[in-house]
4 protein chains.
Amino acid sequence: MQIRVKSIVEDPELVARRRSQLVPAAIKLFCRRGFHRTTVKDIARAARVSAGLVYQYVHDKHDLLFLALTHIVETNKQEIPASLKGVTDPVLRLSTAIEAYARVMDANRDAVLLTYRESKSLTRDHKEVLKSMELETNKLISSCIEDCIRAGYMKKVNVELLTYHLVVLSHAWALKHWRLRHITTLDEYISTNIHSVWENLLTPKGRQRHAQSLGAPLRERVKAAV
Amino acid sequence: MQIRVKSIVEDPELVARRRSQLVPAAIKLFCRRGFHRTTVKDIARAARVSAGLVYQYVHDKHDLLFLALTHIVETNKQEIPASLKGVTDPVLRLSTAIEAYARVMDANRDAVLLTYRESKSLTRDHKEVLKSMELETNKLISSCIEDCIRAGYMKKVNVELLTYHLVVLSHAWALKHWRLRHITTLDEYISTNIHSVWENLLTPKGRQRHAQSLGAPLRERVKAAV
Amino acid sequence: MQIRVKSIVEDPELVARRRSQLVPAAIKLFCRRGFHRTTVKDIARAARVSAGLVYQYVHDKHDLLFLALTHIVETNKQEIPASLKGVTDPVLRLSTAIEAYARVMDANRDAVLLTYRESKSLTRDHKEVLKSMELETNKLISSCIEDCIRAGYMKKVNVELLTYHLVVLSHAWALKHWRLRHITTLDEYISTNIHSVWENLLTPKGRQRHAQSLGAPLRERVKAAV
Amino acid sequence: MQIRVKSIVEDPELVARRRSQLVPAAIKLFCRRGFHRTTVKDIARAARVSAGLVYQYVHDKHDLLFLALTHIVETNKQEIPASLKGVTDPVLRLSTAIEAYARVMDANRDAVLLTYRESKSLTRDHKEVLKSMELETNKLISSCIEDCIRAGYMKKVNVELLTYHLVVLSHAWALKHWRLRHITTLDEYISTNIHSVWENLLTPKGRQRHAQSLGAPLRERVKAAV
DNA sequence: GATGAATGAGGCTTCATTCAT
DNA sequence: GATGAATGAAGCCTCATTCAT
């Protein structure tokens with residue numbers, strides 16, 4: 001995925017290594033100070049390299065932003081499948097997926113904020129790439145929803161719309177964390193705000209299924225994974 | 001509220017007039033190009049004044065951002081009470097308020113995006129002011145919720161949390177409009193995603209109340225107001 | 001002619017004044033150090049203005065070069081007509097024009113060098129403009145030649161080619177001055193190398209005409225004019 | 001001659017081989033883009049070597065320019081003696097030499113331009129070397145002139161001055177080629193502008209001599225040599 | 001000897017802000 | 001009060017040169 005950004009240095013291993021220095025530094029600083037107030041030199045310094053080196057691995061300061069946002073999305077995306085490993089029951093899979101998603105967002109609140117704030121500064125092309133990556137990630141959840149519907153556990157709803165509802169609520173925890181943390185906890189937020197959304201759409205049969213799985217140490221497993 | 005920003009010029013009327021030139025120009029440009037890529041000169045030009053004049057009515061470029069964001073919130077805030085005028089039934093008031101809110105957000109999608117993107121660039125103090133303004137606006141909705149609960153129409157829930165759920169969904173329509181517009185309409189979004197959230201929390205008595213008011217030309221009234 | 005270069009400042013008088021500070025400074029430095037080794041800051045300093053100011057009167061560093069070269073050509077071009085004022089005899093006019101040209105080139109040897117050296121650094125468009133200005137200047141001489149031919153004083157020759165021969169010899173005095181000054185004087189150079197070229201092309205009638213005018217204090221007059 | 005530029009590598013053969021890779025690459029690029037806009041990396045790439053290697057055979061980027069200009073002059077200088085081989089008549093030798101010179105300049109118009117444009121970027125020392133090389137080359141022509149004078153074929157003139165006149169006209173063909181090619185051909189240029197200069201200085205005896213040699217297929221021979 | 005990654009000085013340019021008019 | 005020219009700090013980026021491998 002990072003191939004989208006050209007670097008002067010050819011050796012892919014070195015590119016990967018250097019970028020794995022640069023990108024976290026960039027993420028940290030972009031989160032802290034924003035894209036425009038972060039200097040390329042700042043990033044170089046934080047990555048313990050010279051300013052000139054940056055431009056051997058990235059064409060632009062904008063590319064650095066793209067790599068940063070891309071990295072975040074990519075990383076987040078990997079967490080959910082991990083949490084679903086071995087889970088087969090459709091309702092439990094959905095429950096697990098969305099909970100994992102929410103907890104990943106919580107663990108990377110800075111990154112969520114960054115995404116909402118700085119996407120504007122991307123190239124049109126980069127913006128498109130990022131959007132399609134978002135859609136891909138969403139698919140991890142929407143496919144769980146579809147499975148539930150197909151199995152008759154959930155009413156027939158606009159799947160992507162529901163997905164966005166859940167996704168956006170997870171983001172909201174990060175976006176409004178400055179206030180939400182004073183009025184609730186993550187656990188409550190997830191169960192009250194997020195889970196209830198899809199639980200209300202379960203069929204009677206789905207509710208039954210759901211009730212059974214609640215015995216399992218769901219939450220703990222996901223927490224550990226994150 | 002705008003008194004928070006000092007200007008060299010004393011005459012409050014003139015200050016108001018000049019700022020009413022500057023702020024809309026600033027909003028337009030900040031929305032289009034973002035805060036950092038918008039030049040003070042750009043704003044001056046758009047407001048048909050000289051660059052120097054800006055600094056007689058504003059201390060800083062940041063102040064301009066503050067005034068812009070402040071203006072947006074203020075404006076939005078005024079819309080909701082208007083829509084509630086004459087509505088007395090608690091359930092209908094809640095329904096009306098949230099619908100008005102959602103439609104205002106839709107009408108000012110740019111502004112919503114701007115708020116999420118550029119708040120970071122504010123002073124610590126200004127950020128606090130803006131947050132408290134957000135809370136005030138939310139109170140317009142949360143007080144409706146409280147009325148419903150008090151009247152026994154709604155279960156006892158974490159009022160502010162529910163408010164945020166509704167508010168954030170309205171924002172999400174703007175934030176994710178690039179995708180949502182392809183998978184639903186505003187009307188469907190409001191009824192399916194937003195209204196259902198609180199409707200699911202109504203007591204049986206509340207549901208009854210709600211069912212009755214559905215006969216009224218609710219949506220139309222709010223639409224007109226916006 | 002300077003209208004070709006856009007400036008942010010509108011007032012044409014101010015533009016003219018500032019540019020008349022900047023351009024000579026640029027010429028001096030470009031001549032001394034070359035275009036690339038001259039810093040915009042150097043020019044600003046030499047012109048006693050701030051670095052930022054330069055960009056209010058010029059879009060580019062390249063524009064500065066264009067204005068510099070343009071200014072040189074323009075200035076040179078004005079000298080020749082002045083020297084011809086009142087001279088009517090075709091042969092004498094030609095003689096006077098070419099001598100004036102040569103002396104102007106001598107007086108601006110640096111500028112001639114600059115033109116040959118740095119034209120390459122111009123935009124394609126600017127290069128074209130400069131070329132056409134060169135052709136215009138040449139026309140001052142070629143029209144004198146044409147008059148001589150028309151009057152039967154000179155053989156029918158390729159007028160522009162002869163013009164270039166004369167022009168290039170004048171430039172050569174500047175281009176090879178490092179050596180020529182050791183082996184001749186400007187006066188000898190002009191009479192031996194330059195004048196002889198067209199004198200050899202005179203018709204008998206032309207030679208007669210020419211011989212008569214040699215009584216006149218030609219050289220002195222042109223010298224004074226330059 | 002290239003010994004003037006020190007290299008880290010000792011083996012002179014290797015130095016020669018590497019430089020014969022580097023210098024043509026440098027010439028090509030310097031001609032095309034100019035000295036300053038050509039990157040050392042560009043040259044290395046064009047010469048199919050690494051950037052670092054350049055600095056083992058050259059101290060400086062400036063050295064590369066020196067070697068390039070030096071190479072050009074050296075190469076050109078070798079052409080003239082070749083064309084004179086077997087020609088003994090003084091007038092014909094002069095005629096042949098200058099024609100050869102002009103045609104070499106035509107064949108290397110880029111190089112001529114380069115020399116005029118970028119000599120400025122050389123070290124003081126390098127500039128001197130180049131100048132003395134130019135004088136050496138000129139001597140190839142001036143000695144022909146001297147022979148003609150000594151033989152009574154040509155008037156007693158300032159030999160070096162005449163040489164420069166001829167040389168500069170040959171350069172002018174390259175320098176003003178953008179225009180001259182529209183108004184004449186190389187052949188006409190040589191005969192009309194260049195040859196006529198010295199032909200006009202022949203003594204009657206010289207003219208006779210010259211007329212005789214005109215039967216010979218002069219031009220063709222020189223053309224072939226170039 | 002050869003490579004090419006790394007360095008870091010320095011250039012061009014932008015733009016928030018000031019200030020004389 | 002209004003103007004807009006002037007300032008100068010600071011940022012992005014390039015590229016000659018070095019040096020570890």
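Any value given below was found using the heavy atoms of this structure, including those in side chains, with hydrogens, waters and symmetry copies removed. So that the names make sense, note that chain A is the first sequence line, chain B the second, and so on, each numbered from 1.
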### Message
In whole Å, I'd like the distance from the CG atom of L65(C) to the C1' atom of dC12(E).
### Response
15 Å

### Side chain of V49(B) (C-beta onward), nearest among dT7(F), dT3(F), dA2(F)
dT3(F)

### Task
Return the value, rounded to whole Å, for the distance between atom CZ of R37(B) and atom P of dC15(E).
11 Å

## Note on the structure
Regarding the side chain of V40(D), the nearest nucleotide among dA6(E), dT17(F), dA2(F) is dT17(F)

### Nearest-nucleotide pick for S50(D), side chain only, options being dC13(F), dT18(F), dT3(E)
dT3(E)

### Message
Measure CG/D60(B) against P/dA16(E) and give the value in whole Å, please.
### Response
11 Å

### Query
Under 4.5 Å between any side-chain heavy atoms of H36(D) and R37(C), yes or no?
yes

### Summary
Sorted by position of nearest nucleotide on DNA chain E, 5' first, the leading residue of H36(B) and H36(C) is H36(C)

### Message
Closest-nucleotide mapping onto DNA chain F: is R18(C) or G52(D) further toward the 5' terminus? I mean the 5' end.
### Response
R18(C)

### Query
When the nearest nucleotide of DNA chain F is assigned to V54(C) and to A51(A) on a heavy-atom basis, which residue is associated with the more 5' position?
V54(C)

### Task
Starting from P on dG1(F), measure out to CG on L22(B) and report it in whole angstrom.
14 Å

### Query
Should the ring pair H62(C) and F35(C) be called parallel, tilted or perpendicular, given that the plane angle runs from 0 to 90° and is split at 30 and 60?
tilted

### Task
Using atom CZ of R48(A) as one end and atom C1' of dT7(E) as the other, report the distance to the nearest whole Å.
17 Å

### Query
NA contact type, D11(C), heavy-atom cut-off 4.0 Å: base, sugar-phosphate, or nothing?
nothing

### Query
Between atom CG in D63(A) and atom C1' in dC13(F), what is the gap in whole Å?
13 Å

### Query
So do the side chains of F30(C) and I43(C) get within less than 4.5 Å of each other, counting heavy atoms only?
yes

### Task
When you get a sec, tell me which of dT17(E), dA6(E), dA2(F) is the closest nucleotide to the side chain of Q56(A)?
dA6(E)

### Message
Would you say that R117(A) contacts K120(B) through its side chain, given a criterion of any heavy-atom pair below 4.5 Å between the two side chains?
### Response
yes

### Task
State which of dA5(E), dG10(E), dA2(E) makes the closest approach to the side chain of K41(A).
dG10(E)

### Message
Which label fits Y116(B) and Y116(A): parallel for a plane angle under 30°, tilted from 30 to 60°, or perpendicular past 60°?
### Response
tilted

### Query
Any donor and acceptor pair, going by atom type alone, linking the side chain of S20(A) with main-chain N or O of R17(A) inside 3.5 Å?
yes

#### Entry: Heavy-atom side-chain contact between L22(B) and Y57(B) under 4.5 Å
yes

## Note on the structure
Taking Watson-Crick and G-U wobble contacts under 3.5 angstrom, with | marking pairs to another strand and [ ] crossing pairs, the secondary structure of DNA chain E is written .||||||||||||||||||||

### Query
Between F35(B) and L53(A), who's closer to the 5' end of DNA chain E by nearest nucleotide?
L53(A)

### Query
Does OP1 or OP2 of dA2(F) have a side-chain N or O of Y57(B) closer than 4.0 Å?
yes

### Query
Is any side-chain N or O of R45(D) closer than 4.0 Å to OP1 or OP2 of dG4(E)?
no

### Query
Within the structure shown, what part of the strands sits under 4.0 Å from T38(A) by heavy-atom distance: base, sugar-phosphate, or nothing?
sugar-phosphate

### Integer-rounded Å distance: dA6(F) C1' and I8(C) CD1
12 Å

### Query
Rounding to a whole Å, what distance do you find between Y55(D):OH and dC19(F):P?
13 Å

### Query
Heavy atoms under 4.0 Å, any strand shown: does L14(C) hit a base, just sugar-phosphate, or nothing?
sugar-phosphate

### Message
So if I take every side-chain heavy atom of K61(D) and compare against dC12(F), dC12(E), dA16(F), which nucleotide ends up nearest?
### Response
dA16(F)

### Task
Determine whether more than 12 heavy atoms belonging to other residues, nucleotides or ligands lie under 6.0 Å from atom NZ of K127(A).
yes

